[in-house]
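Predicted model only: the values in this text are computed from it and were never measured. Keep in mind that the numbers below use all heavy atoms, side chains included, and drop hydrogens, waters and symmetry copies. All residue numbers refer to positions in the sequence shown, counting from 1.
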Amino acid sequence: MTESLPAEMAEMTLQRSSRDADDLRARLATWLSGVLPEGAEPAVTVHDGIQTNGMSSETVLLGVTSTEDGARVTREYVARVAPAAGDLPVFAEYRLTDQYDAMRLAGELAGVPVPPVGLNEPTGDVLGTPFFLMERLDGAVPPDVLPYPFGDNWLFDASPEQQARLQRSTVDVLARLHGIPGAATTFAFLDPALTGHEGATPLTRNLAKTRAWYDYAITTQEASPRSPLIERGLAWLAANLPAEEGDPVLVWGDSRIGNMMYRDFEPVAVLDWEMATLGPREMDLAWLVFAHQVFQEIATMLGLPGMPDFLAAEDVVATYREISGVEPGDLTWFLVHAAVNWGCVFLRTSARQIHFGEIERPDDPESVFHHRPLFERLLEEVGA
């Protein structure tokens, strides 16, 4: 499949796991036999499929057939599995139970559409790493490969009114998440301080977490070379911390439309909570805007029109203000922070591709940054 992709995008189709499907099925069936009611006699089917979105956790599609009230019933699930250490994880740690609890609480407290979560296996004894199950829902996801601004997909081909509906309903999800009262207490388990990232405020702790992520990328197994762009960005961020106003909110973290499932241009599932944290609301707003800018930048480089008016920063902020009644602060710092984090993602995913033999190790480590021109332009604009 990758031979047909533009060179700039071929690297984004990547292997995530070296697990054997038959072994996975057998282990899950044995585990379910011990946790389901007696007489359930579970049988597991691991579905094949192409993952066109996401570059971090393993996502396994399962059918579980078991006996319920004397009848054999099949239910469809998604297993969210932390990657094995030998498969070069994108993040230093995954804290699957924190993701599980964040999803559950977001659904309960904000009415945010999340997949109903099921069984949680936090020990890693079954598959070698922790995982949890969630119900499989039906819906459409804006594609990453090829990215939706490239054309020939349901979102690109939608009417301006439908695109505007999707944009507004997405911002509404963020407003609802950020409106959960007492987030600092309810979601205390997401505070970066609990994983050793020190700082006097939520924002400084999140910046420390980003710095630690970069250090992890350049010092761990099959480490990536240093990135001058990321280091310039980190230095500017540390020297230009904005003032923090108000209490921290629940930050989804990976707040992009490729991590949502839609039906009739309204969200039906908010997915991928591995970057959830406590912090300023601007973290989510900037990430939503920047994620689209990354794909729009690539489309422009390839001579495609893309979707230049979609998810524009001023529109996102205006809609958020209208829905939430809160005036967000300036997004500039948070856009640079997003650019640095995207750089860390690309360092880790390219290291994984090298590990699995999908690409050769590049002479220029920043050549794998699909957002490089955008990143460079941002740093120039802020004088970094």
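- Aromatic ring centres of Tyr148 and Phe156: separated by at least 6.0 Å.
- Residue Met260 forms a side-chain contact (heavy atoms from CB on, under 4.5 Å) with just one option from Val173, Leu271, Val141, and that option is Val173.
- Of all heavy-atom pairs spanning Ala183 and Leu278, the tightest one is O-CD2, 3.5 Å.
- From Asp191, atom CG reaches atom CZ of Arg205 across 4.0 Å, with rounding to the nearest 0.5 Å.
- Heavy atoms only, all atoms of each residue included: Val289 and Ala313 are closest at CG2-CA, 3.8 Å.
- Checked for salt-bridge contact, Arg256 and Asp272 miss the test: no charged N lies under 4.0 Å from a carboxylate O.
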Could you go through Trp154 and Phe265, starting from their C-alpha distance and side-chain angles, then the distance that decides it, and tell me whether this counts as ring-ring contact (aromatic ring centres under 6.0 Å, His included)?
CA-CA 10 Å; Trp154 65 272; Phe265 301 92; 5.6 Å; yes
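- Aromatic ring centroids of His371 and Phe346 lie under 6.0 Å apart.
- Counted within 6.0 Å of CG on Asp247, heavy atoms from surrounding residues, nucleotides or ligands total 12 or fewer; the atom is thus considered open.
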Apply side-chain hydrogen bond (donor to acceptor under 3.5 Å, both in side chains) to residues Thr201 and Thr204 and explain how you reach the verdict.
CA-CA 5 Å; Thr201 67; Thr204 56; 3.1 Å; yes
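- Between Phe187 and Asp101, every side-chain heavy-atom pair lies at or beyond the 4.5 Å cut-off.
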Under the side-chain hydrogen bond (donor to acceptor under 3.5 Å, both in side chains) rule, what do Ser227 and Tyr214 come out as? Steps first, then yes or no, please.
CA-CA 9 Å; Ser227 164; Tyr214 173 64; 5.3 Å; no
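- Comment: Arg211 does not engage Glu231 in a salt bridge, judged by the lack of any side-chain N to carboxylate O separation of less than 4.0 angstrom.
- Under 4.0 Å is where a charged nitrogen must lie from a carboxylate oxygen, and between Arg80 and Glu274 at least one such pair does.
- Between Trp342 and Trp287, the ring planes are tilted. Angles from 30° to 60° get that label.
- Annotation: the span from His292 atom NE2 to Gln167 atom CD amounts to 8.5 Å, rounded to 0.5 Å.
- Atom NE2 of residue His178 and atom CG of residue Asp284 lie 3.5 Å apart, to the nearest 0.5 angstrom.
- Under a 4.0 Å N-O distance rule, the pair Arg165/Glu161 does not qualify as a salt bridge.
- Ring to ring, Tyr94 and Trp273 are not that close: their centroids are 6.0 angstrom or more apart.
- In summary, Glu297 and Arg377 engage in a salt bridge, as defined by a charged side-chain N under 4.0 Å from a carboxylate O.
- The nearest pair of heavy atoms linking Tyr320 to Val326 is CD2-O, 4.0 Å.
- Here the CZ atom belonging to Arg168 is positioned 4.5 Å from the CD1 atom belonging to Ile323, to the nearest 0.5 angstrom.
- Taking the side chain as every heavy atom from C-beta outward, Gln353 and Glu360 never approach each other to under 4.5 Å.
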